Chemist: 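Below you will find the structure I want to go over with you.
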Amino acid sequence: MQFHRDTYCGTLRAEHEGNEVVVAGWVQSYRDHGGCVFIDLRDRTGIVQLRFDPSVAEGAHSVADRLRHEDVVIVKGAVVSRGDNTNDRLPTGAIEISALELQVLSKAKTPPFLIEDDIDTAELVRLKYRYLDLRRGPLQEALLARAKITGVVRRTLEEEGFLDLETPILLKSTPEGARDFLVPSRIHPGEFYALPQSPQILKQIFMISGFDRYYQIARCFRDEDLRADRQPEFTQVDVEMSFVEPDDVMDIIESVLTNVFKEVANKDITTPFPRMTYADAVGTYGLDRPDLRFGMPLTDVTDWAANCDFKVFASAVERGGIVKALRAEGGGVSTSRTEIDRIVKDHCAWGARGIAWIRKNEDGSLQSPIVKFFSETEIAELQEAVGLQNGDLVFFVADQTSVVHNTLGNLRNTLGRRLNLIDDDEFNFVWVTEFPMFEWDEDEQRHNAMHHPFTAPLSEDASLLGETPAKVRALAYDVVLNGTEIGGGSIRIHDSELQARVFELLGISKEEAEARFGFFMEALRYGTPPHGGIALGLDRLVMLLTGKPSIRDVIAFPKTQRGTCLMTESPGPVGSEQLEELHIDVVPDDN
RNA sequence: GGGGUGGUAGUUAAGAUGGUUAUAACGCCGGCCUGUCACGCCGGAGGCCGCGGGUUCGAGUCCCGUCCACCCCGCCA
């Protein structure tokens, strides 16, 4: 390079008039007037206009003439006022650089899409040319926000005395929870490392080792199917502390989040966050991650339904299920019959065999596929129970408890959005506490750990472990933001006897527990402090803070829904020598 | 594994009922233009209509299969 860049494009203002500067960056656009050539030059700080005037610098002008989108140039020139030609849409619009010298550092191929904030290019194309997509403002801002967030997280935790400690990526498979990614061992034929689903056991061992306060911004891996908010590798802010109760962990996380939202988004969030038990969250809002930016609680009409004339309702109750109602205030006015049918069809995906509904028109008349099954009295009782007003729309699900809650909980979120009950600028946090220790796995006919198998029970529930494990509540807590779970943690079991019992309840035999977690069980026996912690999903946090619809928008190089990277074309085949060395035979898929 | 949406120039889209040479905008190329900033004007190039099969005199369009991307269920904290 002939010159040395000394100024970022986006930083120039009227006060810099008269300065001689050297700027470098990408050609955003070019406007050739035959005489003067105008170039918008972009770097990560913004855009500045360059003017190439043949009467000022003939050589530079004749080269500028041939500049095209995304060419990389370095330019020396004088900052001059634009006079009457100010561009109010650019922060640098009061000035321009009258170019004296220009060096083209790199010509660019015509990009497949323009580098602009608003494009509607298919994600397929954008992912293939991720390096170009990442030049665009929205992605630059998202990654900038991400970097700021991790900075604030580190600073806050360091100030609180947490140590950033690393844990291995090549680990042992502990087949519990998600499917592991495996790494074959060359030295040990037929044996495999597993990539961590989270550093759970290792951070607990740090507590046993006396480090007292640990954190790590840790990459985690889970080989499961993807969603808009799920990638095969993702990042957790992983935290663990000794000699603590849930409140201590919550306090720390509240400070972290408060600082993050203040410093990155200039949002003041109120602490302490409200708390709600799992039972209340699910009972009232259907989901264990309630979006509390709007009301619309569920109404339990099981008792009424048990004795009603509508067989679908009555028999659901008879089989041990429940019936709940979700009333959308004024929803009947704005929702057409076709839209209702559509909503019903879409939400049956959560397992409900059907979703009944009643619309009460403005004139008080009822419209519904089910009212004909009820007596006058029943209808009156029902309206009373759900508080049905003119213009309302109410939905019902009658099924097993979990199906009813899941379906109506998701329906509630849909209606909240449809009816514009949600303020997009609000950040609503809530702690959900007292999760059940176990959930029943119908397929495998055994209990599973709802959080993970190292979670301690609520002390007053510990005595129930023997008889009714389903009733045992855990010292587990989730932090929920706007209806998305952004983190979860618990107080851990620090007693090897209790840990062994929990494994037993989970259907893991002594031998199995020994084989999988023997080292950990042994470690617990050497003096373990009571401890607990939490992990925040960094990707989701950044996604919510930046208002992006997908975590792909806050991850530099994300994978597609089928786990491929369109830019690098991973995963890919490897040579037979490589496989041989790893003692691996590839068995082709059937068909 | 299942349900849904989409795939036509580089990009985004249009292309009723099957029918002449597949349109447009932006981008690209050439020319003109000294105050543009969505610059403007004139001209031009650019297509395995995702892929494979089938029906038909004839398929971008209809049928079957398949691949890819996205959203969702299952799965996954």
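So you know, we letter chains A, B, ... as the sequences are listed, proteins then strands, and number each from 1. We use all heavy atoms of the structure for the numbers below, so side chains are in, but hydrogens, waters and symmetry mates are not. All of these numbers come straight from a predicted model, not from anything done at the bench.
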Chemist: Could you tell me how far B:C67 sits from B:G27 if I compare only their C1' atoms? Round to whole Å.
Modeler: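 About 28 Å, rounded to a whole number of Å.
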Chemist: Please collect all side chain to side chain donor-acceptor pair (under 3.5 Å) contacts where either partner lies in residues 109-119 of chain A, sequence neighbours excluded, each pair once.
Modeler: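 Pairs touching residues 109-119 of chain A that pass the test: none.
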Chemist: Go through residues 473-491 of chain A and report each residue with a non-hydrogen atom lying under 4.0 Å from RNA chain B, sorted by number.
Modeler: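 Contacts with RNA chain B under 4.0 Å: A:E485.
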Chemist: Record whether the side chain of A:R82 comes under 3.5 Å of the base of B:G35 through a donor-acceptor pair of N or O atoms.
Modeler: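 It does not, because no donor-acceptor pair links the side chain of A:R82 to the base of B:G35 below 3.5 Å.
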Chemist: If the P atom of B:U55 is compared with that of B:U12, how far apart are they to the nearest Å?
Modeler: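 About 34 Å, rounded to a whole number of Å.
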Chemist: For residues 71-94 of chain A, pull every pair meeting side chain to side chain donor-acceptor pair (under 3.5 Å), keeping only residues two or more places apart or in separate chains.
Modeler: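 Residue pairs passing side chain to side chain donor-acceptor pair (under 3.5 Å), neighbours aside: A:D71-A:K107.
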Chemist: Looking at B:G6, which nucleotide sits across from it as a Watson-Crick or G-U wobble partner, both distances under 3.5 angstrom, or is there none?
Modeler: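 Pairing partner: B:C68.
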Chemist: Applying salt bridge (charged side-chain N to carboxylate O under 4.0 Å, His left out), name anything that partners A:D53, two or more places apart in sequence or on another chain.
Modeler: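 Applying salt bridge (charged side-chain N to carboxylate O under 4.0 Å, His left out) to A:D53 gives A:R51.
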Chemist: Between A:E70 and A:R135, is there a side-chain N and carboxylate O pair less than 4.0 Å apart?
Modeler: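 A:R135 and A:E70: salt-bridged.
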Chemist: Answer yes or no: is there a side-chain heavy-atom contact under 4.5 Å between A:V472 and A:P436?
Modeler: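 No, every pair of side-chain atoms sits at 4.5 Å or beyond.
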Chemist: Could you tell me which residues satisfy salt bridge (charged side-chain N to carboxylate O under 4.0 Å, His left out) with A:D341, sequence neighbours excluded, listed by chain and number?
Modeler: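 Per chain and number, A:D341 pairs via salt bridge (charged side-chain N to carboxylate O under 4.0 Å, His left out) with A:R337.
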Chemist: Taking only heavy atoms on the protein side, list every residue of residues 57-79 of chain A lying under 4.0 Å from any atom of RNA chain B, sorted numerically.
Modeler: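 Those residues are A:R68, A:H69.
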Chemist: Mind jotting down which residue pairs meet the side chain to side chain donor-acceptor pair (under 3.5 Å) criterion with at least one end in residues 429-439 of chain A? Sequence neighbours excluded, please.
Modeler: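 Qualifying pairs: A:E254-A:W431, A:E434-A:R473.
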Chemist: Take the protein atom CG of A:L226 and the nucleotide atom C1' of B:C75, then report the distance between them rounded to whole Å.
Modeler: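 These atoms are roughly 11 Å apart.
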Chemist: Counting side-chain heavy atoms from C-beta on, which of B:U12, B:C76, B:C72 comes nearest to A:T121?
Modeler: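 The closest nucleotide is B:U12.
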Chemist: On RNA chain B, compare the nucleotides closest to A:G563 and A:A349; which residue's is nearer the 5' end?
Modeler: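 Looking at the nearest nucleotide for each, A:G563 comes out on the 5' side.
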Chemist: Over how many whole Å does the gap from A:D133 atom CG to B:C70 atom P extend?
Modeler: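 Whole-Å distance recorded here is 13 Å.
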Chemist: My understanding is that only residues two or more places apart in sequence, or in another chain, count here; which of them pass salt bridge (charged side-chain N to carboxylate O under 4.0 Å, His left out) with A:R492?
Modeler: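 If we apply the salt bridge (charged side-chain N to carboxylate O under 4.0 Å, His left out) test to A:R492, skipping adjacent residues, the hits are A:E240.
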Chemist: Let's test your reading of the model: under 3.5 Å, does the base of B:C75 pair with the side chain of A:D225 as donor and acceptor?
Modeler: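 There is none.
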Chemist: Could you list by number each residue of residues 539-562 of chain A showing a heavy-atom separation from RNA chain B of less than 4.0 Å, or answer none if no residue does?
Modeler: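 Contacting residues: A:R552, A:T560, A:Q561, A:R562.
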Chemist: If you look only at pairs with a residue in residues 397-408 of chain A, which of them pass as a salt bridge (charged side-chain N to carboxylate O under 4.0 Å, His left out), with sequence neighbours excluded?
Modeler: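 Of all non-adjacent pairs touching residues 397-408 of chain A, none passes salt bridge (charged side-chain N to carboxylate O under 4.0 Å, His left out).
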Chemist: Below 3.5 Å, does any donor atom in the side chain of A:R230 face an acceptor in the base of B:C76, or the other way round?
Modeler: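 For A:R230, whose side chain was compared with the base of B:C76, there is a donor-acceptor pair (under 3.5 Å).
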Chemist: Is the glycosidic angle of B:A16 within 90° of 0, making it syn, or outside that range, making it anti?
Modeler: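 Here the answer is syn: the torsion falls within 90° of 0.
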Chemist: On a plain distance test, is the side chain of A:E96 in donor-acceptor contact with the base of B:G35 below 3.5 Å?
Modeler: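 Such a pair is found, so the answer is yes.
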Chemist: Could you say whether A:D53 or A:M450 is positioned toward the 5' end of RNA chain B, judged by the nucleotide with the nearest heavy atom to each?
Modeler: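 First, find each residue's nearest nucleotide; the 5'-ward one identifies A:D53.
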Chemist: Using a cut-off of 4.0 Å on non-hydrogen atoms, how would the nucleic acid contact of A:Y30 be classed: base, sugar-phosphate, or nothing?
Modeler: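 If one applies the 4.0 Å heavy-atom cut-off, A:Y30 turns out to touch the sugar-phosphate alone, with no base involved.
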Chemist: For B:A59 versus B:C72, give the span between their P atoms, rounded off to a whole number of Å.
Modeler: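 Their P atoms lie roughly 39 Å apart.
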Chemist: Does a side-chain N or O from A:R89 land closer than 4.0 Å to OP1 or OP2 of B:A38, or not?
Modeler: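 Answer yes for this pair, as a side-chain N or O of A:R89 is under 4.0 Å from OP1 or OP2.
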Chemist: For B:U17 and B:G7, measure between their P atoms and round to the nearest Å.
Modeler: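 Per the computed distance, 15 Å lies between those P atoms.
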Chemist: For A:L132 and B:G27, give me the distance from atom CG to atom P, rounded to whole Å.
Modeler: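 In whole Å, B:G27 P lies 17 Å from A:L132 CG.
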Chemist: Between B:A25 atom C1' and A:I119 atom CD1, what is the distance in whole Å?
Modeler: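 One finds 16 Å between C1' of B:A25 and CD1 of A:I119, rounded.
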Chemist: Any non-hydrogen side-chain atom of A:F273 less than 4.5 Å from a side-chain atom of A:M250?
Modeler: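 They are not in side-chain contact.
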Chemist: May I ask whether A:F113 stacks on the base of B:U11, given the cut-offs of 5.5 Å between ring centres and 30° between planes?
Modeler: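 No; centroid distance or tilt outside limits.
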Chemist: Could you pull out all residues at least two apart from A:R418 that satisfy salt bridge (charged side-chain N to carboxylate O under 4.0 Å, His left out)?
Modeler: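 Per chain and number, A:R418 pairs via salt bridge (charged side-chain N to carboxylate O under 4.0 Å, His left out) with A:E339.
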Chemist: Nearest to the side chain of A:T110, which nucleotide is it out of B:C72, B:G27, B:A69?
Modeler: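 Comparing B:C72, B:G27, B:A69 against the side chain of A:T110, the answer is B:G27.
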Chemist: Could you tell me whether A:E224 and A:R179 have a side-chain N and a carboxylate O separated by less than 4.0 Å?
Modeler: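 Yes.
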Chemist: In whole angstrom, what separates A:L566's CG from B:C67's P?
Modeler: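 Roughly 16 Å, once rounded to whole Å.
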Chemist: Give me each pair satisfying side chain to side chain donor-acceptor pair (under 3.5 Å) with a member in residues 533-555 of chain A, each pair once, sequence neighbours excluded.
Modeler: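 Every pair satisfying side chain to side chain donor-acceptor pair (under 3.5 Å) with a residue in residues 533-555 of chain A: A:E123-A:R552, A:R146-A:D539.
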Chemist: Using atom NZ of A:K345 as one end and atom C1' of B:C72 as the other, report the distance to the nearest whole Å.
Modeler: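 To the nearest whole Å, that distance equals 12 Å.
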Chemist: Using the P atom in both, what is the distance from B:A13 to B:U8, to the nearest Å?
Modeler: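 One P to the other, the span is 8 Å.
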